[in-house]
Each structure stands twice: as C-alpha cells, then as structure tokens.
Visitor: 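One structure, as structure tokens, below. Some questions next.
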Amino acid sequence: LIGSDRRPGGSFRTDTMVIAILRPNEGQVSLISIPRDLWVSIPGWENQRINTAYQHGISVGYPGGGAGLLKETILYNLGIRIDHTAMVEFDGFRQIVDTLGGVDVPVACPYTDWRLIDPSFNPENENNWHLYTTGPGVIHMDGDLALWYARSRQKSSDFDRGRRQQEVLRALFVQALQTGTLTRIPELYNNLSSSVETDLGLGDLLQLAVYAPKMTNADIRSYYIRPPYVSSWITEGGAYVLLPNEQALQQMLTEALSPSTQIVQRQAIVIDVMNGTSIPGYDTLASTRLNYAGYETHIIPSDRQDYAYSVLIDKTPAQDRLQSGPILNVMGMPPVSLIPASDPNSTSHYLLILGYDYQPCFSPEKLGQ
C-alpha cells in the first residue's frame, strides 16, 4: 500500500509504504510499515532511500514501471515477494475516506501538529497554519483530517507517522465492514479507479473480499521498521538515512511473515469491555488496544459511571495467571486489578471495567506480538 506526494507533472516520492500480508488459512493479516528513509540497494541503480525507487523505475522505463522496481527493491533488501501494489495520492486518499462517509479513528494518544486553517488556503503562507490537536478519543475524520493525521510529522517523527497510518488503515477496515462497503465494491471500484493506481482488477478485489467478513481488527498484527531494527546514519553526501540492522530486522520480518500461535491462542479469548466512566470513547480505545495484542473484544453497556479504578474480572474456570497476566500487561494495569469470579455460564472469558484511573495512551510496537 503506497501513498505518494505526486502532483500533476512533477516528480514524486512514495513516503508512505505499508506491506499487507494476508494469510487466509490462519485468518491473519500482518501490516509492516516501511520508513521512507530506509537506506537500500535499488537493483540496477545505486544505494538510495527506498522512497525514490518508484519514481526511478518510471524514469528509466523499468519493467513493470515504478511498481516493478519497488517490488524488486523490497524483494532484494527485505526478502518479501510483493504480489500486488496499490498507490494513492493526497486527493485520492481524501476521496476514499469521504466516499466511505468519513472514518472513526480511535486516537489513544493526543496528537498536536501544524495544520492548514482551511484546505483551500495557500500552504506557502505561514500565516495560514495553526497548531491543531486531536484526541484522545474516537475522532470522526473526514478525508482532509484523516490525511493530516496520517501524514503530518513536523512535531513527531516518521516512526510515529507509521503508527498513525496503521491506525487509519485499521479504522478504514472497521468502517468498511460496518457500512456494507463490501457489497458496493463494483460501484466503488468504478468511482475510485481514477484515484488509485493498482494492478488489482475488480475480480481480484471480489475474490479477496470474501475473507474480510471473517476477520476483525484482532486478526491484524502491526509491525514497524523502526529502532532497534534500524539505526540513524549520515551518508557521505550528508543525507540523514536509516541503516537496517540486518539480524534484528530479519527476525522481525520472519515473525511478521509467519502464522502466530500466540495470536491464535489469544483469538480464542473473548474480553467484554465496559466503560465505567463518563468519558466517551474509553471502551473503544481499550478494545482497540486489546485488538492490537490479538484479543477479541465486545463492547457492552455500562451499569454505572463511577468506577474510580479499572478492574479485570476473570470468569474462566481455570483462573490461569499465565492467561490473565498478559492482558493486564497490555492494559498497563497492576496485578491487584484482577478479580477472580469464575462463571461457567459466561459467554466471555473476561470482563474489563474501565475506571477513571485508565490511561488510554499506549505504544502498539511495545505490546509484544
């Protein structure tokens, strides 16, 4: 999945690159974010940032064009064979989000960065910018806000941008499942074909769409090429780039490419999530956090809104600390938050009640998949 800054007639770079690996048999997807400054060997050319491969492929007439050279670059440097590519530009991304009626993005950590006061204003005039903050909470984003959230990085980093891009992708997937988008694929394919450059035909998309209803966000595993998998380096020309730490990176990529027995085990665990506070969206933020770690969740109505402390109620017959401990770790909760209450008639294994002590901000890359 490629996002470019291409504008009519100009050269461009692919600053957003996410590899999506689908394993239908296991019902699992891995997303791997590639930073634009990753220093790679581009076949038939030179060592360069990975975000230059696509444009170079076009300019030299590489077989398969820009997508062909980017595929070869990823295969040569990361050992991953890419079957298909889909590239979208700024306007196309806005159109996709707006066509879906906007997207509800669970923003766990507040994010502040410079944003144009109005999309129609001249970006070259610094007076047209203001500091904008979103989150924490479930934020309904139109195409313009989603694009800002997914690509801004003046006050953060490329690594943080990769995290936010995956947040938006996950939210788009949820939105597509909830709004009956899958039944509109032929119509959407026609409407959006001018916005997306892809080698996937309508038949390919209809074939892939069969798997979507069987999956949830808990089946998506997120990976990010970031420290310790890369290290900062300055080239002889003075460019800031990221050098792969080969052994650590290959270990992570092998994990991302392989079916996860841990995730299969966690997929079998159902956690009900209840917001015990009056703060809207806490239940969705906590569910999303558990989904990142591979747990299936159901949001249930709250009995009251005055819980001072978050608790995890263990309803399982086994009362296994090896099973409940990782859930507490994912949620950043101490062991004393666990309440044993075995219930053989329960349809869920655990009940998570969120209190006013809940801290929604978390780092997906630290959830240990």
Side-chain angles (χ1 to χ4, degrees), residues 1-7 10-18 31-38 49-52 54 86-98 100 102-173 175 195-196 222-227 230 232 239-242 281 285 288 292 360-365:
L1 303 171
I2 306 161
S4 83
D5 61 359
R6 178 159 61 182
R7 292 173 176 84
S11 64
F12 67 95
R13 296 191 170 185
T14 56
D15 281 356
T16 298
M17 288 160 284
V18 181
L31 297 178
I32 306 172
S33 288
I34 304 175
R36 62 180 190 162
D37 292 330
L38 186 67
R49 289 186 177 98
I50 195 167
N51 68 342
T52 63
Y54 202 108
M87 184 170 78
V88 67
E89 297 151 28
F90 295 162
D91 288 341
F93 180 80
R94 287 192 194 97
Q95 187 189 351
I96 289 169
V97 174
D98 287 338
L100 291 175
V103 62
D104 294 320
V105 182
V107 179
C109 308
Y111 180 70
T112 302
D113 213 327
W114 294 100
R115 186 183 178 201
L116 267 179
I117 295 168
D118 187 281
S120 64
F121 287 8
N122 178 9
E124 302 302 319
N125 184 342
E126 63 181 39
N127 295 323
N128 290 340
W129 294 82
H130 67 142
L131 277 176
Y132 185 88
T133 299
T134 187
V138 181
I139 311 299
H140 184 76
M141 299 187 181
D142 62 8
D144 188 66
L145 181 55
L147 179 66
W148 170 83
Y149 186 69
R151 72 174 293 264
S152 64
R153 62 175 193 92
Q154 288 300 111
K155 296 179 76 65
S156 62
S157 67
D158 261 359
F159 304 128
D160 185 65
R161 179 159 71 168
R163 172 188 66 81
R164 285 180 275 115
Q165 287 164 352
Q166 288 205 27
E167 276 181 21
V168 173
L169 283 173
R170 284 169 167 264
L172 282 168
F173 176 60
Q175 189 84 351
S195 305
V196 183
S222 286
Y223 296 89
Y224 312 86
I225 298 180
R226 56 180 296 148
V230 290
S232 299
Y240 165 85
V241 299
L242 297 166
L285 295 179
T288 302
Y292 268 99
C361 190
F362 72 100
S363 302
E365 71 277 4

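If you read the sequence from its start, that first residue is 1, and numbering goes on from there.
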Visitor: Please test V97 against M141 for side-chain contact (heavy atoms from CB on, under 4.5 Å), starting from the C-alpha separation and ending with a verdict.
Guide: CA-CA 8 Å; V97 174; M141 299 187 181; 5.6 Å; no
Visitor: Which atom names give the shortest non-hydrogen contact between P364 and R163, and what distance separates them?
Guide: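 Shortest heavy-atom separation between P364 and R163 comes out as CD-CD, 3.6 Å.
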Visitor: Can you tell me how far OH of Y223 sits from CG of L31, rounded to the nearest 0.5 angstrom?
Guide: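 Rounded to the nearest 0.5 Å, the CG-OH separation comes to 10.5 Å.
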Visitor: Could D158 and R36 be called an ion pair, given the rule that one side-chain N must be under 4.0 Å from one carboxylate O?
Guide: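 Salt bridge between D158 and R36, a charged N being under 4.0 Å from a carboxylate O: yes.
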Visitor: If you take all heavy atoms of Y224 and G162, which pair is closest and at what distance?
Guide: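 Heavy-atom minimum between the residues: CE2-O, 3.9 Å.
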Visitor: If only atom types and distance count, is the side chain of Q175 paired as donor or acceptor with the main-chain N or O of G102 below 3.5 Å?
Guide: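 Checking the backbone N and O of G102 against the side chain of Q175, a donor-acceptor pair under 3.5 Å is found.
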Visitor: CD of E126 to CH2 of W114: how many Å apart, nearest 0.5 Å?
Guide: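 So the CD of E126 and the CH2 of W114 are separated by 9.0 Å.
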Visitor: So do I32 and V18 actually touch side chain to side chain, heavy atoms under 4.5 Å?
Guide: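 They are not in side-chain contact.
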Visitor: Are P35 and R161 side-chain neighbours, meaning at least one heavy-atom pair lies under 4.5 Å?
Guide: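 No, too far: nothing below the 4.5 Å cut-off.
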Visitor: Tell me the closest heavy-atom pair linking L116 and W129, and the distance in Å.
Guide: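 Taking L116 first and W129 second, the nearest heavy atoms are N-CE3, 3.4 Å.
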Visitor: Less than 4.5 Å apart, side chain to side chain, heavy atoms only: is that true for P136 and V107?
Guide: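 No, their side chains stay 4.5 Å or more apart.
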Visitor: In sequence, state the C-alpha distance, the side-chain angles, and the governing distance for I96 and V88, and then conclude on side-chain contact (heavy atoms from CB on, under 4.5 Å).
Guide: CA-CA 9 Å; I96 289 169; V88 67; 4.0 Å; yes
Visitor: Identify the heavy atoms of T112 and T133 that sit nearest to each other, and give their distance.
Guide: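 Closest heavy-atom pair between T112 and T133: OG1-OG1, 2.6 Å.
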Visitor: Determine whether the side chains of N51 and D15 contain a donor N or O and an acceptor N or O closer than 3.5 Å.
Guide: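 Yes - a donor-acceptor pair under 3.5 Å links their side chains.
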Visitor: I'd like to know if the side chain of Q166 pairs up with that of S33 as donor and acceptor (distance under 3.5 Å, no hydrogens or angles considered).
Guide: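 Side chains of Q166 and S33: pair found under 3.5 Å.
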Visitor: Could you report the tightest heavy-atom contact between N127 and I117, atom names first, then the distance?
Guide: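 The answer is O-CD1, 3.7 Å.
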Visitor: Measure the CD1-CD1 distance between I34 and I50 for me, rounded to the nearest 0.5 Å.
Guide: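 Spacing of CD1 (I34) from CD1 (I50) equals 4.5 Å.
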Visitor: Before you tell me yes or no, could you show the steps for M17 and L1 under side-chain contact (heavy atoms from CB on, under 4.5 Å), namely the whole-Å CA-CA distance, both residues' side-chain angles and the distance that decides it to 0.1 Å?
Guide: CA-CA 6 Å; M17 288 160 284; L1 303 171; over 6 Å; no
Visitor: Walk me through it: do S195 and Q95 pass the test side-chain hydrogen bond (donor to acceptor under 3.5 Å, both in side chains)?
Guide: CA-CA 8 Å; S195 305; Q95 187 189 351; 2.4 Å; yes
Visitor: State, with a plain yes or no, whether a side-chain heavy atom of S156 is found less than 4.5 Å away from one of R164.
Guide: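 Side-chain contact under 4.5 Å: yes.
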Visitor: I'd like to know if the side chain of S4 pairs up with that of E89 as donor and acceptor (distance under 3.5 Å, no hydrogens or angles considered).
Guide: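 The criterion, which ignores hydrogens and geometry beyond distance, is not satisfied for E89 and S4.
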Visitor: Have R170 and S222 got a donor and an acceptor in their side chains that come within less than 3.5 Å?
Guide: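 Short answer, yes.
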Visitor: Using the rule given for side-chain contact (heavy atoms from CB on, under 4.5 Å), can you reason through D37 versus Y240, listing the C-alpha separation, both sets of side-chain angles and the distance that settles it, and then say yes or no?
Guide: CA-CA 8 Å; D37 292 330; Y240 165 85; 3.9 Å; yes
Visitor: Treating D98 as the side-chain partner and G143 as the backbone partner, does any N or O pair qualify as donor plus acceptor under 3.5 Å?
Guide: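 Indeed, once roles are kept as given, a pair shorter than 3.5 Å links the two residues.
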Visitor: Quick one: does D113's side chain have a donor or acceptor within less than 3.5 Å of a partner on Q154's backbone?
Guide: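 Yes, D113 side chain to Q154 backbone: donor-acceptor pair under 3.5 Å.
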Visitor: Contact between Y111 and S152 at the side-chain level, heavy atoms closer than 4.5 Å - yes or no?
Guide: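 Contact flag for Y111/S152 side chains = yes.
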Visitor: Do you know the tightest heavy-atom contact between F93 and V168?
Guide: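 Minimum heavy-atom separation between F93 and V168: CZ-CG1, 3.8 Å.
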Visitor: W148 vs Y132 aromatic rings, parallel, tilted or perpendicular, using cut-offs 30° and 60°?
Guide: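 Ring orientation of W148 relative to Y132: perpendicular.
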Visitor: Of all residues at least two apart in sequence or in a different chain, which pass the salt bridge (Lys or Arg N to Asp or Glu O under 4.0 Å) check with R226?
Guide: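 So R226 forms a salt bridge (Lys or Arg N to Asp or Glu O under 4.0 Å) with E365.
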Visitor: Is any side-chain heavy atom of Y54 closer than 4.5 Å to one of F12?
Guide: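 In short, these two side chains touch, coming nearer than 4.5 Å.
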Visitor: Could you measure the distance from the CZ atom of R94 to the CG atom of D144? Nearest 0.5 Å is fine.
Guide: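 R94 CZ to D144 CG: 5.0 Å, rounded to 0.5 Å.
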Visitor: Any non-hydrogen side-chain atom of R13 less than 4.5 Å from a side-chain atom of T52?
Guide: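 The answer is yes; the side chains approach within 4.5 Å.
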Visitor: Any side-chain heavy-atom pair from R115 and L145 closer than 4.5 angstrom?
Guide: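 In contact.
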